Each structure stands twice: as structure tokens, then as C-alpha cells.
Amino acid sequence: MDDSDAPLGVDEIASTPNLKQIANLPKQAPFDTASAYNTDIAFQGNYAFAGNYDGFTIYDIKKPSSPKILTQVYCAGSQNDISVYGNLLFLSTDSSRSDDSCESVSQSAALKESWEGMKIFDISNKKAPKYIKSVETYCGSHTHTLVPSKNGKTVYVYVSSYSPNANFPDCQPPHDSISIIEVPVKKPTSAKVISTPNLFPDGGYRNTSGCHDITAYPAKDLAAGACMGDGILLDISDRANPVVIDQVQDAENFAFWHSATFNNAGTKVVFTDELGGGGAATCNDTIGPKRGANAIYDVETKKINHPGKGKGADKGKGKGKGKEKTYELSFASYYKIPRTNANTENCVAHNGSLIPVKGKDIMVQAWYQGGISVWDFTDSANPVEIAYWERGPLSDERLILGGSWSAYWYNGYIYSSDIQKGLDVLKLTDKRTKSAERVKVKELNVQSQGSYQSW
């Protein structure tokens, strides 16, 4: 390894010329301790909503180069995965609490009265969010995904959780399921769990026992699930009854199927492997380029004849006859950042989003202390990095959990929720992505992918 490949010094910044930091807003009390980890981000209008293990922050990002904290809500309960939908904000609790209030304290999951699940806030007044509803779910809510109904009157929340234990009355093994919460948009206080579909009736691979994350693409009636030992593709045409239509494993290189991202056409899925659970140094020569990485899968489709329903259907003829699409995930390649990180830096593939470039598949992605990578997977078999930005380790003596949890493109800028350093805003200046700056959306929940139809 030559000097150019040497890991950075503490807090040292390095980047390609086309990706520059334009703002940093440090964590502020009460979220300014080392254990108050910043987590995921959602967006709406001129606001960014960022989860934190102790609650959530609403940022005013009207001027991206000068973001401001509008308000902070203290409501402890890791990891506070966050989404927004109109005047509603959803917050996941995946740590056992004494009750469902924001004043709760940690309490053993072995106690039946302990609580984990989903909290819902009214954010019609961004300066003063109101906690309006809680919904308890099996094994809590590690992450969640919003899936709006086709008429917009209801939003379904797919709740992912895992790690069942025979000693936990509300989280019994095998827990090969998700919880689905139905939320009437005009009456969110009526939200309730309507089903807990079993996605792995055969037990899955390596005792899957739940999903870590699901990304929905409602416009395509598809979702992709990263479910511990399995990657799955789901038909969500019936929002309340998702059906697994394909399932893949990677025994050689994937340790923990963590998250998924579709390309805009819905013809590819990028799955991530969170080797080491996000707390280990895996961006080094020892681990190599195929572990703790992304895996790109092509979504292959074909049409098959089927008898359908109605008169003559049992004979395969008449007006019941029709065609049906089938889907299959086909592995194409791996992608991992090409830089070597220090052994004091937790670094592995984590949360990212598409950059809306017509005719191209380009993604920005967080790699914890490995920084932020912008990469092109238009050629599924030959992905290539086109930009990066990273900050050196928090310590050169010991590993302190930190780095970019989520890095997302939103209306012309990249926003990164750094576990310890707060909110970073970056500007990508590249002719290959210039057209993306013209694409504007009113709301963004990355795990509920929208279709960029304004091209």
C-alpha cells in the first residue's frame, strides 16, 4: 500500500474534486453525547427529519449551505428509524422500554409489560410535534417502510424486526414474519396491526428469523427485503398481503443482509451486507472486496400463460386465459469502496439512495467511517465509483462507533446523518449527474422509493 492509500488521520478530510462538504451542523444537547447516535433521515419540503437514539431532530434546510435546527424531540428508544407522510411522522422503537411514553426507561424484554413498537407524531406544526399514537409490535420495530394505498387514504407500515428469544414473551422464535400496521391518514389514532405475514414458512436460510429492512417501490408493486440470511423480492400489489416471489442467498460472501435499493426502472436491486453489524472495521485488505459490500442483482422478468379465473378457466381457455409476470433475482456483481480504512474505523456498506439521472443507475451511499461514495451501476457487472468524501477516524487508538449512517440525495444536495458529527451537507459537481439537479420531489422516504417520472 502506497502513501496515497494510507488511512486518514483523526478528523482529516479527503475527497474527489467533484464532491465537497458545504455545511456541518454538530449534534446539540440533549443529543450531543457519544451514545446518542444519529440515525436515518427523511425529507419533506424544506425540512429534514433525522432520528437519534434519544429522539429526533427537525432541520430547516431551506438554505442547504446553512442548515438550522428547528426543533428537537426527546423520546429515547433505539434506533428511532424515521419516516414522514403528510402531517405524520413515524418513529421505530427497537429497545425494550418500561412503557410507550417518551419518558420511558429501559426495561428487560423478559417482562411481559415491557413495550416496543411504532410511535406516531403529528407534525403539522414543525416547531411543536405532538405524539398521538403508539402501536406495539412483535420484537419491536428495528426499521419500517411506508407503503401508501393506491387511493392515498391509507398508509401501510411494514415493520421489520429480528432477534427473537424464548425468554421474551413478545418476541418468540422463530419470528420469520413482519408486522403490518394500517394507518387511516385522516384518523391516524386508529392505527393498528392488521397482520403478521410469515415470509419464511420454511425457516429461511441460516435461521433468518425476521427482516432487517424492506424497501418498497409502490409504483411497481414490488418490494425488496434484506432479511438476515436472505434477499427477497415481494409482490405488494395487495398492500396488506405481500407475497414473496423470489428468494436468494449468498453463503460465501454475505453475512447480514441489511438493506435494499431498486434502480428507477425496477430492473435491479442493490442489497447491502452489514458485516459485523456496523461496528467493525471491514474496509481493509484482510476482509477484501466482496465481504461487507453491496451485491447487485438484476431483476429478470418473463410472462407465462395461466388459466386465470372465470368461465373456462379450469380448461385454460376462454376469457379466463391471460398472462402473468414472474420475477427472478440474478446476481451480477459486488461493489465495495476501493479505499483502505484504519482498524479504528467501523466501515461497511450502509444506507444510500438513487441520484435521479435519466438513463443511468447512480447511487450515493454511506459507509460509516468509510465516508460517502457515489457510484455508477448502470453496467450491473462493472460498477464504478465516480466520487467520494470521507472524514478520518474519531480516534487513532480505539474504535469509536461513528461515521455516516445514511447519505441521501435530496433536491440537488447530499445529506449525511453522521453518528457523532451531526448533519453534513455535500455538493456533487459532475457533468454525469448535472441533470439530477432539475429533479425535485416534495417528500422523500428512501425505503419507500418513488418513481422519477419528471424526466
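Keep in mind it's a predicted model, so treat the numbers as computed, not measured.
In this structure a side-chain-to-backbone donor-acceptor pair under 3.5 Å is present from D246 to L329. The backbone N or O of W389 lies less than 3.5 Å from no partner atom in the side chain of K20, so there is not a single donor-acceptor pair. Judged by distance alone, with hydrogens and angles left aside, the side-chain atoms of T272 form no donor-acceptor pair with the main-chain N or O of N294 at under 3.5 Å. In terms of modelled atom types and a separation under 3.5 Å, the side chain of D94 and the main chain of E116 share no donor-acceptor contact. Here the side chain of D230 pairs no donor or acceptor atom with the backbone of I232 at under 3.5 angstrom. At distances below 3.5 Å, at least one donor-acceptor pair connects side-chain atoms of N264 with backbone N or O atoms of Y452. Judged by distance alone, the side chain of E437 and the main-chain N or O of N411 form no donor-acceptor pair under 3.5 Å. A side-chain donor-acceptor contact under 3.5 Å links T215 to the backbone of A260. Under a 3.5 Å cut-off, the side chain of D250 and the backbone N or O of G231 do not form any donor-acceptor pair. In this structure, S395 contributes its side chain and L399 its backbone to no donor-acceptor pair below 3.5 Å.
With F121 as the aromatic partner, K130 does not meet the cation-pi criteria of under 6.0 angstrom to the ring centre and within 45 degrees of the ring axis. At least one cation-pi condition fails for K119 and F90: the charged atom is not both under 6.0 angstrom from the six-membered ring centre and inside a 45 degree cone around its axis. No cation-pi contact links R291 to F254, judged by a cut-off of 6.0 Å to the six-membered ring centre and 45° from its axis.
In this structure, CZ on R398 lies 10.5 Å from OG1 on T344, to the nearest 0.5 angstrom. Atom CD of Q72 is separated from atom OH of Y59 by 7.0 Å, given to the nearest 0.5 angstrom. Atom CD of Q369 sits about 8.0 Å away from atom CD1 of I419, to the nearest 0.5 Å. Between the CG atom in L354 and the CZ atom in F377 there is a gap of 5.5 Å [rounded to 0.5 Å]. Separation of atoms CG (L426) and CG (N18) is listed at 11.0 Å; rounding is to 0.5 Å. Here the straight-line distance linking atom CG of N284 with atom OG1 of T286 works out to 4.5 Å at 0.5 Å rounding.
Taking every heavy atom of both residues into account, P242 and I178 meet most closely at CG-CD1, 4.4 Å. Scanning all heavy atoms of the two residues, the minimum distance from G152 to V185 falls at O-CG2, 3.6 Å. Annotation for P164 and P174: closest pair CG-O, 3.7 Å, computed over non-hydrogen atoms. The nearest pair of heavy atoms linking V135 to A191 is CG2-O, 3.8 Å.
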Passes side-chain hydrogen bond (donor to acceptor under 3.5 Å, both in side chains), S406 versus S417? Steps please.
CA-CA 5 Å; S406 299; S417 177; over 6 Å; no

Mind running side chain to side chain contact (heavy atoms under 4.5 Å, CB included) on L146 and Y158 for me, showing each step along the way?
CA-CA 6 Å; L146 305 186; Y158 292 0; over 6 Å; no

Run the side-chain hydrogen bond (donor to acceptor under 3.5 Å, both in side chains) check on Q447 and T145 step by step: do they pass?
CA-CA 6 Å; Q447 289 75 30; T145 304; over 6 Å; no

Check step by step if side chain to side chain contact (heavy atoms under 4.5 Å, CB included) holds for I236 and V147.
CA-CA 9 Å; I236 59 169; V147 188; 4.0 Å; yes

Salt bridge (charged side-chain N to carboxylate O under 4.0 Å, His left out) between R239 and D221: does it pass, once the steps are laid out?
CA-CA 8 Å; R239 305 290 196 245; D221 285 335; 2.8 Å; yes

Can L428 and V374 be said to form a side chain to side chain contact (heavy atoms under 4.5 Å, CB included), step by step?
CA-CA 9 Å; L428 178 64; V374 178; 4.2 Å; yes

Start with the C-alpha gap between S404 and S416, add the side-chain angles, then the distance that decides, and say whether side-chain hydrogen bond (donor to acceptor under 3.5 Å, both in side chains) holds.
CA-CA 6 Å; S404 179; S416 168; 2.7 Å; yes

Does the side-chain hydrogen bond (donor to acceptor under 3.5 Å, both in side chains) test come out yes or no for E385 and Y335, once each step is laid out?
CA-CA 9 Å; E385 185 173 69; Y335 169 77; 3.3 Å; yes

Could you go through T57 and F49, starting from their C-alpha distance and side-chain angles, then the distance that decides it, and tell me whether this counts as side chain to side chain contact (heavy atoms under 4.5 Å, CB included)?
CA-CA 6 Å; T57 300; F49 306 80; over 6 Å; no

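Counting only N and O atoms by type, the side chains of S330 and D298 include no donor and acceptor under 3.5 Å apart. If you check the side chains of T137 and S179, you find no donor sitting under 3.5 Å from an acceptor. Of the N and O atoms on the side chains of Y368 and E274, at least one donor lies less than 3.5 Å from an acceptor on the other residue. Remark: the N198 side chain and the D176 side chain contain no N/O donor-acceptor pair separated by less than 3.5 Å.
The side-chain heavy atoms of K360 and D376, taken from C-beta on, include a pair separated by under 4.5 Å. Here the side chains of W409 and Y415 are not in contact, with every heavy-atom distance at 4.5 Å or above. Two residues are said to be in side-chain contact when any heavy atoms from C-beta on lie closer than 4.5 Å; I296 and Y334 fail this criterion. By the 4.5 Å heavy-atom criterion applied to side chains, F56 and L89 are counted as neighbours. You'll find the side chain of W375 stays beyond 4.5 Å of the side chain of I386, heavy atoms only.
Remark: K127 pairs with L70, N125 by the side-chain contact (heavy atoms from CB on, under 4.5 Å) rule, at least two apart or across chains. Looking at residues two or more places apart in sequence or on another chain, you find a side-chain contact (heavy atoms from CB on, under 4.5 Å) between V446 and S353, Y408, L444.
Other residues, nucleotides and ligands contribute only 12 or fewer heavy atoms inside 6.0 Å of the NZ atom of K68. Within 6.0 Å of NZ on K126 lie more than 12 heavy atoms contributed by other residues, nucleotides or ligands. The number of heavy atoms from other shown groups lying within 6.0 Å of OH (Y138) does not exceed 12.
Between H258 and H350, the ring planes lie tilted relative to each other; the angle falls in the 30° to 60° range. A perpendicular orientation is assigned to the rings of F271 and W257, their planes being inclined by more than 60° (bins at 30° and 60°).
Results of the side-chain contact (heavy atoms from CB on, under 4.5 Å) test with E390 over L8, I337, I13, I372 single out L8 as the only residue that passes. Only one option out of H142, H175, H212 pairs with S161 in a side-chain hydrogen bond (donor to acceptor under 3.5 Å, both in side chains); it is H175.
Salt bridge status for E345 with R391: absent, with no side-chain N to carboxylate O gap under 4.0 Å. Between D54 and K27 there is no salt bridge, since no side-chain nitrogen of the basic residue lies less than 4.0 Å from a carboxylate oxygen of the acidic one. At a threshold of 4.0 Å, the pair D273-K336 does not count as salt-bridged, since none of the basic side-chain nitrogens sits closer than that to a carboxylate oxygen. A salt bridge is defined here as a Lys NZ or Arg NE, NH1 or NH2 lying under 4.0 Å from an Asp or Glu carboxylate O, and D60 with K62 fails to meet this definition.
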